[in-house]
Amino acid sequence: MELFVGIDLGGTAIKLGLVSRDGKLVKTHQVPTKAESRERDIIVSNLKEALHSLLSGMEGVKAIGIGVPGGVDKKHGMIRFMPNIQPLENYALADDLEKSFGIPVAIDNDANNAARGEYIFGAGKKYRDFVLITLGTGIGGGIFINGDVYGGVANFAGEVGHMKIVPEGRPCGCGLNGCWEAYGSATAMIKRATGLVAMGKHTTLARVGEMSAKVIFDEAKKGDALALEVVDEACRYLGIGVANLIHLFNPEAVIVGGGVSHAGDFLFDRIRKYASLYAKTEMFETCEIIPAALVNDAGVMGSAALALMTLDKRQGT
Ligand SMILES: [Zn+2]
């Protein structure tokens, strides 16, 4: 059986998995990233040790894929920016691992890999042109054109979370204003709800413990008017952004993943409603807006999909 390694390299944890060509997660492993050491050597040898543990006793491992929360210059094989794990910036991590492990190794941005994961194993199997967006603390994106990720000149394309939605709008974590994720992400909803509660508005959200997107959706589903207002506002902006993506790419589908996507039809019905108001009818009607299939282990599965696609490309199949 052919196996592919997927590595989800995050700021706090490294998640690793072995995935078969038909999408079965055969083995997993997880270790802390040790990013707080701020030492490249410590982080890299920690990662190699974790890989050795994952691979011990396994046969048929063909390639390794890595997903990182940052910008990867694929032409030069370099991680160019990665605020959560800065010691690995401007480092050729894939080359290093390929020399150490003797099988093909590829690395890319985690949202691009999430799109690959859906394409190979998940909701994107039947499409060649789609956009994946991940709704979480921010909004990530991966653009699939004709069966592969569109990277742009330096492979930084797909930063959909920083599309400008409102001129001179809310400040975004990126330092600019009016970005999509300042209006449609979980963080944006939490900020909006917390602000309204602090103003003394009448809402059941005033009685919940820790504010989260899930809590806001739950209270909205139960009928709290203010929670519903927060949800509806976020969905209106999400619909505007999705309409922009539909106009830009004329995709067969917009696939929505990330923690917020668990809100289900309550979320999707609203995104579809608003996207239909803002998109050209002919283009909206031929674009499905659907949930991602890979929920847990999406990071590992996406990186494994990168490994699989890399092997197939190198073998010319
Ligand atoms: Zn931004």
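For this chain, numbers begin at 1 and follow the sequence in order. Counting starts at 1 for both ligands and their atoms, in listed order. Atoms considered below: every heavy atom in the structure, side chains included; atoms not considered: hydrogens, waters and symmetry mates. Predicted model, so just to flag it, every value in this text is computed and none were measured.
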Distance-only check: which donor-acceptor pairs under 3.5 Å involve side-chain atoms of residues 116-124, not counting sequence neighbours?
unit_1: Arg116; atom_1: NH1; unit_2: Asp108; atom_2: OD2; d: 2.8
unit_1: Arg116; atom_1: NH1; unit_2: Asn113; atom_2: OD1; d: 2.9
unit_1: Arg116; atom_1: NH2; unit_2: Asp108; atom_2: OD2; d: 3.1
unit_1: Glu118; atom_1: OE1; unit_2: Ala123; atom_2: N; d: 2.7
unit_1: Glu118; atom_1: OE1; unit_2: Ala293; atom_2: N; d: 2.9
unit_1: Glu118; atom_1: OE2; unit_2: Ala293; atom_2: N; d: 3.4
unit_1: Glu118; atom_1: OE2; unit_2: Leu294; atom_2: N; d: 3.0
unit_1: Tyr119; atom_1: OH; unit_2: Arg128; atom_2: NH1; d: 3.3

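- Without hydrogens or angle criteria, Lys221 side chain to Ala263 main chain gives a donor-acceptor distance under 3.5 Å.
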Open item on the list: Test salt bridge (charged side-chain N to carboxylate O under 4.0 Å, His left out) on Lys48 and Asp96; report intermediate values, then the result.
Closed with: CA-CA 10 Å; Lys48 286 180 181 171; Asp96 181 345; 2.7 Å; yes

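- Around the Zn ion (ligand 1), the protein contributes the following N, O or S atoms at distances under 2.8 Å: His162 ND1, Cys172 SG, Cys174 SG, Cys179 SG.
- Formation of a donor-acceptor pair under 3.5 Å by the Asp129 side chain with backbone atoms of Ile145 is not found in this model.
- Under the 3.5 Å distance criterion, with hydrogens and angles disregarded, a donor-acceptor pair is assigned to the side chains of Arg236 and Tyr278.
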Task: Asp224 vs Lys201, salt bridge (charged side-chain N to carboxylate O under 4.0 Å, His left out): CA-CA, chis, key distance, verdict - done: CA-CA 11 Å; Asp224 181 73; Lys201 300 265 187 190; over 6 Å; no

